[in-house]
Trainee: 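Supplied in structure tokens, the structure appears directly below.
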Protein chains: 2
Amino acid sequence: MPEKKRYRIGDLVQEFDATPRTLRYYEELGLLNPERRGNQRYYSERDRVRLRLILRGRRLGFSLEEIAKMLSLYDQDKTGKTQIREVLKMGEKKLQEIEAQIEELKALKAEIEERAAELRKLLEEQDA
Amino acid sequence: MPEKKRYRIGDLVQEFDATPRTLRYYEELGLLNPERRGNQRYYSERDRVRLRLILRGRRLGFSLEEIAKMLSLYDQDKTGKTQIREVLKMGEKKLQEIEAQIEELKALKAEIEERAAELRKLLEEQDA
DNA sequence: CTGGCACTTGACGTTTACGTAAAGGTGATA
DNA sequence: TATCACCTTTACGTAAACGTCAAGTGCCAG
């Protein structure tokens, strides 16, 4: 039996520097499924993992809808092989997008570096 | 004299797969400064370069406000050395953010690849 | 001169991703 | 038992980044 640790909303809020509203919103969208004791939310380790991926995705500019698709890789209710294969296919697509995004970031980086070099040169010339 | 080519809004819209509204909005924010002949817009090569960077930034999840800062690297009205140094400093900061983002993308990529591998294993087991 | 197409300026609408009260429930602790 | 921090739902508000009309302008081909 792996530990069945539960987290309260404030715990995750602190750990990930988020807000309660955000977590509740993600739940509303079905991205998180905390257990309820009374009317209080108790998040599982699985929720925590998903939250980490969600927030990472957000920082990288993905929409919650896109992130939802990525998370379907982690859904356990995959009944048949067809289902799994579909999810895998989508995952491959997302991976390609991510790779493309890395390339674009490198291009942006190069562009900015080049421009910075020009500016530094301009600075030196002004010293004359 | 470098060529002084001008582009109409439709040209850039086509080239970059954007909409006129988007270009006008960027102008409203001061990100683009097309010349006016009558009330028609004529974009310079410089506008075109800036537009490319803006759209690239958007695809990568940067806000227009952040992009505006990056574009300040390309503003030519930098009067003094202090100005230039400031802009350069900001550029360095942005570069660091970009590098961090690349690292996070790699992490996300690894995460998804790992999960995909698990799913493929699950598929094979079902073949038994 | 007349289509017709590309362009213009408002101005209100929309989506996403939450923020922000208001009003109240819960549970460990003094 | 009262207090206090932490939690809850409901609901309206908001910022960013455009979308989407409506109504008019500029200009070239026929």
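Predicted model only: the values in this text are computed from it and were never measured.
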Trainee: Is the shortest side-chain N to carboxylate O distance from B/Glu86 to B/Lys89 below 4.0 Å?
Mentor: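 Answer for the salt bridge query: no.
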
Trainee: To the nearest angstrom, how far is B/Glu65 atom CD from D/dA17 atom C1'?
Mentor: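 These atoms are roughly 13 Å apart.
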
Trainee: Closer than 4.0 angstrom, basic N to acidic O: yes or no for B/Glu92 and A/Arg120?
Mentor: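 Result for this pair is yes, salt bridge flagged.
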
Trainee: Quick one: A/Tyr7 OH to D/dC7 P, roughly how many Å, whole number?
Mentor: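 It works out to 15 Å between those atoms.
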
Trainee: Would you please name every residue forming a salt bridge (charged side-chain N to carboxylate O under 4.0 Å, His left out) with B/Lys69, sequence neighbours left out?
Mentor: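 Partners of B/Lys69 under the salt bridge (charged side-chain N to carboxylate O under 4.0 Å, His left out) test: none.
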
Trainee: Just to verify, what does B/Glu113 make a salt bridge (charged side-chain N to carboxylate O under 4.0 Å, His left out) with, not counting sequence neighbours?
Mentor: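 Testing B/Glu113 for salt bridge (charged side-chain N to carboxylate O under 4.0 Å, His left out), a comparison that skips the adjacent residues, returns none.
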
Trainee: Please report the distance, rounded to the nearest Å, between CD in B/Glu28 and C1' in C/dA11.
Mentor: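 It works out to 11 Å between those atoms.
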
Trainee: Under the salt bridge (charged side-chain N to carboxylate O under 4.0 Å, His left out) rule, collect the residues that match up with A/Arg48, sequence neighbours excluded.
Mentor: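 Only A/Glu15, A/Glu45 meet the salt bridge (charged side-chain N to carboxylate O under 4.0 Å, His left out) criterion with A/Arg48.
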
Trainee: Looking at B/Tyr74, I'd like to know if the NZ or CZ of A/Arg115 sits under 6.0 Å from its six-membered ring centre while staying within 45 degrees of the ring's axis.
Mentor: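 Yes.
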
Trainee: Rounded to the nearest Å, what distance is computed from the OH atom of residue A/Tyr25 to the C1' atom of nucleotide D/dA11?
Mentor: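 Answer to the nearest Å: 15 Å.
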
Trainee: Taking CZ from A/Arg24 and P from D/dC7, how many angstroms apart are they, rounded to a whole number?
Mentor: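 Value for this atom pair: 8 Å.
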
Trainee: Which part of the nucleic acid, if any, lies within reach of A/Arg37 when heavy atoms closer than 4.0 Å are counted: base, sugar-phosphate only, or nothing?
Mentor: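 The residue A/Arg37 makes no contact with any strand.
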
Trainee: Tell me which nucleotide among D/dC18, D/dT8, C/dC18 gets nearest to the side chain of A/Leu64.
Mentor: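 Nearest to the side chain of A/Leu64 among the choices is C/dC18.
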
Trainee: In whole angstroms, how far is the P atom of C/dC7 from the OH atom of B/Tyr43?
Mentor: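 Rounded to the whole Å, the gap is 10 Å.
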
Trainee: Are any of the side-chain nitrogens in A/Lys121 or A/Glu124 under 4.0 Å away from the carboxylate oxygens of its partner?
Mentor: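 No.
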
Trainee: From CZ of A/Arg6 over to P of D/dC7, roughly how many Å is that when rounded to an integer?
Mentor: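 Distance, rounded to whole Å: 16 Å.
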
Trainee: With nearest nucleotides of DNA chain C determined for A/Gln40 and A/Thr22 from heavy-atom distances, which residue corresponds to the more 5′ nucleotide?
Mentor: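 Nearest nucleotide further toward 5': that of A/Thr22.
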
Trainee: Whole Å only: how far is the CD1 atom of B/Ile9 from the C1' atom of C/dT8?
Mentor: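 About 9 Å, once rounded to whole Å.
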
Trainee: Is the phosphate of D/dG26 approached by B/Arg41 (side-chain N or O, under 4.0 Å from OP1 or OP2)?
Mentor: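 Checking B/Arg41 against D/dG26: no side-chain N or O falls below 4.0 Å of OP1 or OP2.
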
Trainee: Within the pair A/Arg8 and D/dA5, is there a side-chain N or O less than 4.0 Å away from OP1 or OP2?
Mentor: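 Answer no for this pair, as no side-chain N or O of A/Arg8 is under 4.0 Å from OP1 or OP2.
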
Trainee: Quick check on contacts: within residues 51-63 of chain A, what sits under 4.0 Å from DNA chain D by heavy-atom distance?
Mentor: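 Result for residues 51-63 of chain A: none.
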
Trainee: Checking A/Arg58 now: which residues fulfil side chain to side chain donor-acceptor pair (under 3.5 Å) with it, not counting sequence neighbours?
Mentor: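 With sequence neighbours excluded, A/Arg58 shows a side chain to side chain donor-acceptor pair (under 3.5 Å) to no residue whatsoever.
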
Trainee: Kindly confirm or rule out a cation-pi arrangement of A/Arg6 over A/Tyr42, judged by NZ or CZ under 6.0 Å from the six-membered ring centre and within 45° of its axis?
Mentor: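 Because its charged atom misses either the 6.0 Å distance or the 45° angle limit, A/Arg6 does not stack over A/Tyr42.
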
Trainee: Would you please say whether a donor-acceptor pair under 3.5 Å links the side chains of B/Ser44 and B/Asp47?
Mentor: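 Yes, side-chain donor-acceptor contact under 3.5 Å.
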
Trainee: What is the nucleic acid contact for A/Gly38, judged by heavy atoms within less than 4.0 Å: base, sugar-phosphate only, or nothing?
Mentor: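 Answer is nothing: A/Gly38 stays at 4.0 Å or more from every strand.
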
Trainee: Looking only at side-chain N and O atoms, does A/Tyr26 come under 4.0 Å of OP1 or OP2 in C/dC18?
Mentor: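 So the side-chain polar atoms of A/Tyr26 do come within 4.0 Å of the phosphate oxygens OP1 or OP2 of C/dC18, strictly under.
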
Trainee: For nucleotides 20-24 of chain C, give me every protein contact, N/O to N/O, under 3.5 Å, one pair per line with atom names.
Mentor:
unit_1: C/dT20; atom_1: O4; unit_2: A/Arg21; atom_2: NE; d: 3.2

